[in-house]
Amino acid sequence: MNKEQISRRRFLKGAGLSALAASGLGAGLLSGCAPRANEANAGASDDGLAETGQPTSVGDAQAQGDLTWLGPEPADPENIEEELTADVVIVGCGTAGTCAARAAAEDGASFIVVEKADHAAVCRSGQWAVIGGETNKRWERGAGQANYVDPDEVVEAVMTECQYYPNRTLLSKWAHNNGEVFDWFIAAKPDLFISAKSTDPLPAVTSEEDCSLWVRHYPAPENFDLSKERVKEFQSSVSFNPSQQPVLAANWKRAEEAGAICYTGHFAEKLIKEGNRVIGVFVRNAETGAYKKIMANNGVLLAGGDISNNPEMNAYYAPDLVLNGIQNMWSDMDVEGNFTNTGDCEKMGVWAGGKLQQKAAPMVHYMGAMSTIGAAPYLSLTLTGKRFTNEDISALQFQSAAERIPGKAFYTIFDAKWPEQLQAFQPRFASTNYVVDTPTPENLLINDVHPYVTRDAIEKACKEEGPFSIVKGETIDELLSKLEGLTDAAAAKASIERYNELAHSGKDLDFGKPASRMFPIENGPFYAFQGGMNVNLATLMGLIGDEDCHVFDENDEIIPGLYIAGNTQGERFSVNYIPTMSGMSHSLCMYYGYVAGKNMARGI
């Protein structure tokens, strides 16, 4: 072969990989999900062109499929304090594990749950995507009703925004069936208050058992038409106030009444196999240091969360989180004082022969002024005074745009006409679209975002200090002079003037923002708040399997006796967790926890 010739395969393995690895993108773009299996055939050509025999390794761990975060599988423990057996064994008592336990119990299976926190029914926040079902009918969101969301449109939107990496069958089964399972889920708490519309006050929260279900964005803002939106966020979501905890606890109580046992303060460390079949798990008791050997007649479910609090796995699969200094939000602790969501189940699954999805999906969204107007898409300027994006985009897209600007921080600027303008924006994750005169009850703070804002909220925020404070100026010059992080007030004023010019012309020639949401900043007083990098809610990097919650090996064959659900389940999202519908991850955890529980109880 001529020295100037190079095969496509060699380019991808050599120069192409080297460039990507050097850029720091190797982990996200090129990593294999298990150690490379066919090293003996590495020199063989697949395109008919001869190889030179020169080394093709780029020396990059991710590109070579070297799972540097994994470590060796631990040996079987010898200090066994107790041997137990059940039909179903569940690792993790979060949303998925709790739902799996209740579903299995209702089918008559015996089961044991292990959880490394000090309590069962572990969860946080409470946004849920719900399509169809009986509960949704009260808001005309049931099948065949005016506000029903087409499940296939939702699935296509997720597939498109995640670059077609997810498992479509997995998403489709959830989209067509989650409404009925959600009805089952909330039925565990018969006294749950359900709001009729988004601006209704909710009952006061006076005990740990109090909970309300708040409908998100109903009725829709006047003149809103989803079909005209370029980036659609489907409105069929609800939120639990103050969180899902009371409802999840009620589900666990149902499971417990049916005979469920949860060993809290216990750490699952190694799956037990007989041939290729998973038949149990070794679990360390944090109090004694000894182990329980728990055997499973039907199978073991891995439902132990994501990898966000495992620094090695985060850096390997989601290096942008490290590069952008994004902190993790998950604060739940195990009984030993360490964070949960450390990839324990993902590790055990790989040791047992399973494989992980190729690309992680970090859950990082811009939240805006959370105590007032949320992520309303008003004019945003960098600290150097320059506009940097079409502001009328999703919370995820805005976060991505902000990651590339100097200082990774910005100011959002608006004027006194904000109350009438706010209702013209698309209802989105972290958005506030209702302006009311009645004061917001103190308890009505849904997942740190008010569902509506009072007309005096902005003025009140101007008098406060802290991350959600707002700066006020009677003139543009006065406002800009008060923005301490702004380095070029003249550039900022020029950017505002340019924005006003485009707004009046009816066409955003700079960034393509819809003219209907280009509001000139001309009517004093004027306001601004500073935004920046948000926190990471989860790093979704799960084991690959099918819609029946089985786990696949490297050859896409089912590993008998091993199941997955929750954030341990892979290929639900990829590249990014996208806000196509608020609360999809919670809903998927619930739904596939239910599916796993039923399938394991029935031996499917």
Side-chain angles (χ1 to χ4, degrees), residues 8 12 16-17 20 23 25-34 62-63 65 129 131 149-178 226-227 229-234 236 306-307 316-321 346 354-365 393-401 403 428-429 538-556 564-585 587-589 591-592 595:
R8 177 169 57 100
L12 291 173
L17 290 182
L20 289 170
S23 72
L25 295 176
L29 295 175
L30 298 168
S31 64
C33 296
Q62 290 92 333
I131 303 175
V149 168
D150 185 339
D152 293 320
E153 284 191 34
V154 174
V155 171
E156 181 59 32
V158 176
M159 294 298 298
T160 299
E161 292 196 51
C162 289
Q163 301 177 28
Y164 260 75
Y165 283 105
N167 180 335
R168 189 186 188 104
T169 304
L170 196 75
L171 293 173
S172 185
K173 183 175 180 178
W174 160 81
H176 282 274
N177 297 286
N178 72 85
L226 181 65
S227 67
E229 299 296 333
R230 291 181 292 181
V231 181
K232 294 178 173 60
E233 292 194 25
F234 297 89
S236 190
D306 67 278
I307 69 169
Y316 188 101
Y317 290 111
D320 284 358
L321 297 177
E346 287 81 355
K355 61 178 179 179
L356 293 173
Q357 66 186 70
Q358 191 175 25
K359 299 174 186 291
M363 193 184 295
V364 186
H365 305 311
I393 51 181
S394 74
L396 166 65
Q397 293 167 335
F398 197 94
Q399 173 78 21
S400 298
E403 287 180 3
R428 294 187 184 277
F429 169 82
T539 306
L540 307 179
M541 186 68 196
L543 293 157
I544 295 175
D546 62 19
E547 68 277 14
D548 286 322
C549 300
H550 301 121
V551 178
F552 289 163
D553 65 14
E554 283 296 314
N555 298 313
D556 285 344
I564 43 171
N567 287 347
T568 306
Q569 184 178 40
E571 297 191 325
R572 303 177 308 157
F573 305 97
S574 192
V575 183
N576 282 301
Y577 175 83
I578 49 95
T580 301
M581 284 184 70
S582 296
M584 279 186 65
S585 181
S587 185
L588 280 156
C589 289
Y591 178 73
Y592 277 109
V595 170

J.: For Ile544 and Leu356, what are the C-alpha separation, side-chain angles and deciding distance, and is it a side-chain contact (heavy atoms from CB on, under 4.5 Å)?
T.: CA-CA 6 Å; Ile544 295 175; Leu356 293 173; 6.0 Å; no
J.: Restricting to non-hydrogen atoms, name the atom on Ile578 and the atom on Cys162 that form the minimum distance, rounded to 0.1 Å.
T.: CG1-SG, 3.9 Å
J.: With Val364 as reference, evaluate Leu396, Thr539, Leu321 under the side chain to side chain contact (heavy atoms under 4.5 Å, CB included) test and give the passing residue.
T.: Leu321
J.: Decide yes or no on side-chain contact (heavy atoms from CB on, under 4.5 Å) for Tyr577 and Met584, but give the supporting numbers first.
T.: CA-CA 9 Å; Tyr577 175 83; Met584 279 186 65; 3.7 Å; yes
J.: side-chain contact (heavy atoms from CB on, under 4.5 Å) between Asn567 and Arg572: does it pass, once the steps are laid out?
T.: CA-CA 9 Å; Asn567 287 347; Arg572 303 177 308 157; 2.6 Å; yes
J.: Atom CD in Glu161, atom OG in Ser394: separation rounded to 0.5 Å?
T.: 6.0 Å
J.: Check whether Asp553 reaches the backbone of Asn555 with its side chain - one donor and one acceptor, N or O, closer than 3.5 Å.
T.: yes
J.: Which distance, rounded to the nearest 0.5 Å, do you find between the CD of Glu571 and the CE of Met541?
T.: 9.5 Å
J.: Tell me, with the steps shown, if Ser587 and Asn178 meet side-chain contact (heavy atoms from CB on, under 4.5 Å).
T.: CA-CA 7 Å; Ser587 185; Asn178 72 85; 3.8 Å; yes
J.: Rounded to the nearest 0.5 Å, how far apart are OG of Ser582 and CD of Glu233?
T.: 6.0 Å
J.: Distance check, rounded to the nearest 0.5 Å: Ser574 atom OG versus Asn167 atom CG?
T.: 11.5 Å
J.: Measuring only between side-chain heavy atoms, which start at C-beta, is Gln569 closer than 4.5 Å to Leu588?
T.: no
J.: So, using ring pair (Phe, Tyr, Trp, His ring centres under 6.0 Å) as the criterion, who are the partners of Phe429 when residues are at least two apart?
T.: His365
J.: Please tell me if the side chains of Trp174 and Ile131 come closer than 4.5 Å, counting only heavy atoms from C-beta onward.
T.: yes
J.: Under the ring pair (Phe, Tyr, Trp, His ring centres under 6.0 Å) rule, collect the residues that match up with Tyr592, sequence neighbours excluded.
T.: none
J.: Let me confirm one number: the OH-CD distance from Tyr317 to Gln358, rounded to the nearest 0.5 Å.
T.: 10.0 Å
J.: Would you tell me whether Thr568 and Asp306 have side-chain atoms, one donor and one acceptor, within less than 3.5 Å of each other?
T.: no
J.: Ignoring hydrogens and geometry, is there a side-chain-to-backbone donor-acceptor pair from Lys173 to Glu547 under 3.5 Å?
T.: yes
J.: So does His550 get a backbone contact from the side chain of Asp548, meaning a donor-acceptor N/O pair under 3.5 Å?
T.: no
J.: What is the minimum heavy-atom distance between Asp152 and Ser172, and which atoms define it?
T.: OD1-OG, 4.4 Å
J.: Does Phe573 offer a backbone N or O that forms a donor-acceptor pair with the side chain of Gln357 under 3.5 Å?
T.: yes
J.: Using only atom types and a distance under 3.5 Å, with no angle test, would you say the side chain of Asp546 pairs donor to acceptor with the backbone of Cys549?
T.: yes
J.: Quick one: pull up CG in Leu171 and NE2 in His176 and give me the separation to the nearest 0.5 Å.
T.: 11.0 Å
J.: Should Lys355 and Glu554 count as an ion pair when the cut-off is N to O under 4.0 Å?
T.: no
J.: Which atom pair, heavy atoms only, marks the closest approach of Val155 to Ala175?
T.: CG2-CB, 3.7 Å
J.: Is there a salt bridge (charged side-chain N to carboxylate O under 4.0 Å, His left out) between Arg168 and Glu156 once you walk through the steps?
T.: CA-CA 8 Å; Arg168 189 186 188 104; Glu156 181 59 32; 2.8 Å; yes
